[in-house]
Amino acid sequence: MLIPPLAASAAIIHGAPRLPLAQPRSVIAGHLLCAAVGYAVVAASGSSPWAAAMAAGVSLAVMTVARTPHSPACATAVVIVLNTPRPTTFVPLLVGSATLLVLVGWAASCARPSAPRYPAYWW
């Protein structure tokens, strides 16, 4: 299963490690919240381009309220609405992948002394 928003998350973690949207709280919680929104929208209105657009907007609002800004996570909600993957497969894969991205970003910043420290804060 492909989760394209994780590529954007990796680029943000590597390219802008000090930004709030690159921090572990935003990466992991943002993807989880948006996955929940995506599944809720599918349950409420089905799978359509309009539902995907609504999921993206609601996801952005939910992340703003939860103080977990991570723009690629909005695309996670869109992927869920358009592809309707099984939650039992998709959610563990999403959580594991997002956590792995954070850990690799942390390990890479520790391995290169001249690199900016990542994360700026864990939670």
Run the side chain to side chain contact (heavy atoms under 4.5 Å, CB included) test on F90 and I3 for me, step by step, so that the C-alpha distance in whole Å, both residues' side-chain angles and the decisive distance to 0.1 Å come before the verdict. CA-CA 9 Å; F90 188 83; I3 309 174; 3.8 Å; yes
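- Under the rule for a side chain to side chain contact (heavy atoms under 4.5 Å, CB included), the partners of A56 that lie at least two apart in sequence or sit in another chain are V78.
- A continuous path of ILVMFWY side-chain contacts below 4.5 Å connects V27 to L94, so both sit in one hydrophobic cluster.
- Residues L32 and L101 share a hydrophobic cluster, clusters being chains of Ile/Leu/Val/Met/Phe/Trp/Tyr side chains in contact below 4.5 Å.
- At least one side-chain heavy atom of V79 sits less than 4.5 Å from a side-chain heavy atom of P5.
- Residues that satisfy the side chain to side chain contact (heavy atoms under 4.5 Å, CB included) test with P119, not counting sequence neighbours, are Q23, P24, W106, W122.
- Scored by the side chain to side chain contact (heavy atoms under 4.5 Å, CB included) test, P116 finds P17, R18 as partners (sequence neighbours excluded).
- Hydrophobic clustering places V42 together with V58 (ILVMFWY residues linked when any side-chain heavy atoms are closer than 4.5 Å, directly or through intermediates).
- In this structure L100 satisfies the side chain to side chain contact (heavy atoms under 4.5 Å, CB included) test together with V104, sequence neighbours excluded.
- Under the 4.5 Å side-chain contact rule for hydrophobic residues, M63 and L19 do not share a cluster.
- Each side chain to side chain donor-acceptor pair (under 3.5 Å) pair with one or both residues in residues 112-121, not counting sequence neighbours, would appear here, but there are none.
- Scored by the side-chain hydrogen bond (donor to acceptor under 3.5 Å, both in side chains) test, S9 finds H31, H70 as partners (sequence neighbours excluded).
- In the hydrophobic clustering of this structure, V95 groups with I13; members are Ile, Leu, Val, Met, Phe, Trp, Tyr whose side-chain heavy atoms approach within less than 4.5 Å, directly or through other members.
- Considering only heavy atoms from C-beta on, R67 stays 4.5 Å or farther from P20 through its side chain.
- Judged purely by atom type and a 3.5 angstrom limit, S45 has no side-chain atom pairing as donor or acceptor with the backbone of A51.
- Nearest heavy-atom pair, S48 versus L82, reported as atom, atom and distance to 0.1 Å: O-CD2, 3.8 Å.
- Listed here is the closest heavy atom pair of I12 and A22: CG2-CB, 3.7 Å.
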